[in-house]
Amino acid sequence: MNEWLERAQEKDREDKLAKYKKEFYLGEAIHYMDGNSLGLMSRPAERSLLDVMEDWKQHGIDGWTRGNRPWFYMSERLGEMMADLVGADAHEVLATNSTTMNIHQTVRTLYQPTDDRYRILVDDLNFPSDIYAVQSILDDYGHSDGMVKIPSDDGHTLSTEAIIDRMDESVALVLLPSVLYRSGQVLEMKKLTEKAHEKGILIGFDLCHSIGSVPHELKKWGVDFAMWCTYKHLNGGPGSVGGLYVHERHHNLAVSLKGWFGNNKETQFDMAHTFDQARDISQYQVGTPHIFSMAPLLGSLKMFQEAGMMNIRRKSLELTSFMMDMIEAVLEGHEVEIVTPRAHAHRGGHILIGHPKAAGINAALKSKGVIPDFRAPNYVRIAPVALYNSFEDVHHTVMILKEIMDDRLYEQFDNKRGVIA
Ligand SMILES: *Cc1c(COP(=O)(O)O)cnc(C)c1O
């Protein structure tokens, strides 16, 4: 067993990102493994939030245009800071609204159904909010029966070919996740985009589980639109403002949800009743931005810029590989199933393991200071995060899991989920 610990410690010594761990507050967790649900608070994020509160204290209303972080331009400023994370140009990326709202705004704007081409392609494994949003849009456009859901053969992953097969002349738009929130599978975004465009179909991706964990080349791939939340891998804090990308070729459309922050900034305060739509991604904004829910990102995103997405991805893959290898080696005979695809090209930053007593195992892990999350009916999701988890964290987590399995400690806990799982 010691051999795994030695390996972990050696990897930690070689780890160039190790220095970031001390920038984070671990709270009550000993090994926090839930960064894909809610990222931890960092000192830079705390500082930038306090700075913005100070701006309010000092400048009052003039904080909109004064100081080092004028609020009037903060959504665009954060867009610039996120552009590299998604591989797009700065004028195509914005911090605004929530993921769900950004789905409404982009899909409502880009979806232009005709009698023959009106279907929206989604998948059977996506997060419920995305599905609710798409269904409500279809209902509003009079195409309630227009949703096509790609089924999954194994209940965990999607086949690229199966998705491409469903891209026919009746499909107007495709919305898929980049990384599936349960199994952690990464979809082949480049190929899917190419195939969609060959068929004249618009395509967008929900990057909630890949942003800050997996690099993207949205512009190069030609992706039409994308949205993501910033409170998972980007550590923006609970409910932090979401991110949005729309390819510049769609900046000439009339946005569906109009509001004064989508107006050209030069004329916004003319207060005219004719909407003078902004020329860039700002047009997708609606109302006044939630400044305090963006402020932590100013500090947090700086760390991503400094650490570099390629380095983050490399370490993330090593962490998850190490974890899966170790689980297979030390938990042999325990019926713990690793659901996540093994190939680097096919997985994101978290792993999913299955066991009939998963809820009890999850509760037992939490009682021992390991924070994963449970996904019904039988799965535990674990995300060792490059910026604040070490290989030793991973080692200890697996050893605690082994103890729980060996001693059947999960039997001391109800095998059911809590309100937030
Ligand atoms: C986390 C997540 C959401 C959350 O959307 P909000 O509008 O921020 O609540 C939506 N979709 C996916 C795929 C997610 O992972």
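Remember, predicted model here, so these are calculated numbers, not experimental data. Counting starts at 1 for both ligands and their atoms, in listed order.
For H247, the ring pair (Phe, Tyr, Trp, His ring centres under 6.0 Å) criterion is met by no residue, not counting sequence neighbours.
Using a 4.0 Å heavy-atom criterion, the residues that approach ligand 1 are S98, T99, T100, N126, F127, D130, D206, C208, H209, C229, Y231, K232.
The residues K149 and D123 are annotated as not salt-bridged, no charged nitrogen and carboxylate oxygen being separated by less than 4.0 angstrom. Looking at K57 and E54, a side-chain N of the basic residue comes within less than 4.0 Å of a carboxylate O on the acidic one, giving a salt bridge. Between K191 and E161, at least one side-chain N (NZ, or NE/NH1/NH2) sits under 4.0 Å from a carboxylate O, which counts as a salt bridge.
Within a 6.0 Å radius of CH2 in W56, no more than 12 heavy atoms belonging to other residues, nucleotides or ligands are found.
Within the cation-pi definition used here (under 6.0 Å to the ring centroid, within 45° of the axis), R43 qualifies as a partner of Y25.
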